[in-house]
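First comes the structure, then the notes that go with it.
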Amino acid sequence: MQAPPTSSAPPTAPRRHRRSKAVGFAALAVSLLMAFPTAQSAFGDETAELPGGGDLGPNVLVFDPSTPDIQGKVDEVFKKQESNQFGTDRYALMFKPGTYDNINAQIGFYTSIAGLGLNPDDTTFNGDVTVDAGWFDGNATQNFWRSAENLALNPVSGTNRWAVSQAAPFRRMHVKGGLNLAPDGYGWASGGYIADSKIDGQVGPYSQQQWYTRDSSIGGWGNGVWNMTFSGVEGAPAQSFPEPPYTMLDNTPVSREKPFLYLDGDDYKVFVPAKRTNARGTSWGNGTPQGESIPLDQFYVVKPGASAETINAAVDQGLHLLFTPGVYHVDQTINIDRADTVALGLGLATIIPDNGVTAVKVGDVDGVKLAGLLIDAGTTNSESLIEVGPEGSSANHADNPTSLQDVFVRVGGAGAGKATNGLVVNSDDTIIDHTWLWRADHGDGVGWETNRSDYGLTVNGDNVLATGLFVEHFNKYDVQWNGENGRTIFFQNEKAYDAPNQAAIQNGDIKGYAAYKVADSVTTHEGWGMGSYCYFNVDPTIRQQHGFQAPVKPGVKFHDLLVVSLGGQGQYDHVINDTGSPTSGTDTIPSQVVSFP
């Protein structure tokens, strides 16, 4: 994301962006076989089972209130990670239940902070969890890939600062005060996502260009720039798009909160929240949340160096997966085809597919949970990076859908990478809850063909719901939706900045590929709070015929759409199909249509 200089101008300017003797060896072998039960391999021979549980590795830092120099340790991680945008270090800062005084945990790249209680109020900071933008001259538009979860905060000043952009979720948090979503000095910011959280005071977006808040409770909301969307939020502002640009749904049709690690006494477990329908407010506000606790010994604790073969053996054995912070190269696909499997990443655990494989495939089975993972494209083109259900999936999963939460895709930026598709969803009823699918516009390995990726999200399954959908810069359609009865609540998009000319994006007789395309065959689809922005910095004369394309049918409905020309670098002729007035001139002028058709 190409970042503009910090400015005090009104917040409508462009954002950037691893030998003994034979007797000893035999004894060791017998000992190992006694320690680990055996299982039949596919060829009928016996192989040692993988153990469940174990330690969480060196990059999960666990604190309790008596830990010495907590602030110094947290600061040490931040110093390494503050500006480490495309580095390989990954960290999870985990706090046991209790009260922590005088803490200011500054959170940098690839760092997650979380409480280890069953409820946020079990772990209280008399202090802050802070994201600011000092590393980037007060500009927060590149504050990506970090998270805060499951903590209660008593902010020192009364207001906590969380100045982030994409892929920076704020989940299961209780802020006993206000929440400021802008950097010090109120420079640019382009977030963001809050879920299952309670903010007692007011949320101040200030320069935030767009934001989605789900199933939460807030004391108030300060303002809006382009697109502020709420579903199931107590205290949300009233529906008023476009002035101010608030889209409000009283409830979220279907949701399931993200699985999380916690301590039950001295035992680690993963809590898997239950599915909710027509949710409103937090899942934890009325006491113990509904869901299932799974002991850590039922998880294969994945550590850097683990192979895809071993990971797949763990799944076949019946274990869930807990990826510790690190970067994982896989030379074959990780296949998750057992119902109700949890695959949870800590500290933005990152998977890179080698030799053009798909990094992760989920079977057409019930209730798989993928969460907290970054999939980074390899140098050999992958047909897809994540696939949910094989082609032709048709099973009904309405009672127990597969869910993806804080699962991110990146093509380029950390080095050249290619993938035809980022995420492909073939299974019906899938929930996509907060994703950022990003073809890099800055960093290493960036160029129109260098990090080629035609499609960000392709949905072929029916009854798929996306809540908090961020998709940017793909060479063709950022989203192509072919399944029936799809729904999206909040969409944020930028078209690829680096299109070399009009001919490079010509789509038959249409100028440019829509950011969000609903197939002509679809009869039922609905979307709320959706924006697409253009910033054609190679050829500012490029025109985009529309941001959204959909069949004109009674069952296809959109509410609160907008398109924006960032600094006049390219223009949209229409918002959706041939509806909506064009962006114009050199100003940042949104066009919007309240509903369609």
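Just so you know, residue 1 is the first one in the sequence shown, and it goes up from there. What you see below is based on every heavy atom in this structure, not just the backbone, and it leaves out hydrogens, waters and symmetry mates.
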Any Lys/Arg nitrogen of [X] or [Y] sitting under 4.0 Å from an Asp/Glu carboxylate oxygen of the other?
X	Y	value
R410	D376	yes
K517	D520	yes
R214	E257	yes
R171	D433	yes

Closest non-hydrogen atom pair between [X] and [Y], with its separation:
X	Y	value
D428	S394	OD2-O, 3.9 Å
W481	V464	CZ2-O, 3.4 Å
G345	L373	CA-CD2, 3.8 Å
D215	S255	OD2-OG, 2.8 Å
V556	V522	CG2-O, 4.1 Å
T141	S165	CA-OG, 3.2 Å

Angle class for the F144/W436 ring planes (parallel below 30°, perpendicular above 60°, tilted otherwise)? tilted
Which of parallel (below 30°), tilted (30 to 60°) and perpendicular (above 60°) describes H525 and Y516? perpendicular
Option passing ring-ring contact (aromatic ring centres under 6.0 Å, His included) with F230 (candidates W221, F490, W528, Y212): W221
Of K495, Q209, E472, Q210, the residue whose pairing with Y533 passes side-chain hydrogen bond (donor to acceptor under 3.5 Å, both in side chains): Q210
No-hydrogen, no-angle side-chain donor-acceptor test under 3.5 Å, [X] and [Y]:
X	Y	value
E387	N421	no
N460	T458	no
D200	H174	yes
R256	S403	yes
D406	H434	yes
T350	R90	yes

Validation row: [X], [Y] side chains within 4.5 angstrom (heavy atoms):
X	Y	result
L423	L404	yes
F170	V164	no
E526	H559	yes
S382	P353	yes
M173	P120	no
P325	L346	yes
V302	I311	yes
N485	D462	no

Just by distance, do the side chain of [X] and the backbone of [Y] share a donor-acceptor pair under 3.5 Å?
X	Y	result
N223	Y206	yes
Q290	A274	no
K275	A398	yes
D364	P390	no
N577	A550	yes
N180	R161	no
S216	D196	yes
T247	T229	no
D429	H397	yes
N143	A163	yes

Evaluation steps, side-chain contact (heavy atoms from CB on, under 4.5 Å), between Q208 and M228: CA-CA 9 Å; Q208 279 288 355; M228 303 288 157; 4.3 Å; yes
Worked verdict on Y300 versus H320 for side-chain contact (heavy atoms from CB on, under 4.5 Å): CA-CA 6 Å; Y300 177 59; H320 303 278; over 6 Å; no
Intermediate values then yes/no, side chain to side chain donor-acceptor pair (under 3.5 Å), D454 and Y513: CA-CA 10 Å; D454 285 349; Y513 289 80; over 6 Å; no
Spatial distance of atom [atom1] ([X]) from atom [atom2] ([Y]) [nearest 0.5 Å]:
X	Y	atom1	atom2	result
D478	F491	CG	CZ	6.0 Å
S427	N396	OG	CG	11.0 Å
T213	L181	OG1	CG	8.0 Å

Aromatic ring proximity, centroids under 6.0 angstrom, [Y] and [X]:
X	Y	result
Y110	W145	yes
F470	Y193	no
H574	F548	no
F474	Y455	no

Audit row: S147, S112, side chain to side chain donor-acceptor pair (under 3.5 Å) steps and yes/no: CA-CA 5 Å; S147 67; S112 297; 2.8 Å; yes
side-chain contact (heavy atoms from CB on, under 4.5 Å) between R172 and W284: does it pass, once the steps are laid out? CA-CA 8 Å; R172 293 179 60 81; W284 50 270; 3.6 Å; yes
Before you tell me yes or no, could you show the steps for I576 and H546 under side-chain contact (heavy atoms from CB on, under 4.5 Å), namely the whole-Å CA-CA distance, both residues' side-chain angles and the distance that decides it to 0.1 Å? CA-CA 5 Å; I576 182 168; H546 40 230; 5.8 Å; no
So, applying side-chain contact (heavy atoms from CB on, under 4.5 Å) with V409, which one of T435, L457, L385 is it? L385
Checking side-chain contact (heavy atoms from CB on, under 4.5 Å) against T524, which of E484, R487, K557 comes through? E484
Side chain to side chain donor-acceptor pair (under 3.5 Å) between S384 and T358, intermediate numbers included: CA-CA 5 Å; S384 62; T358 294; 3.1 Å; yes
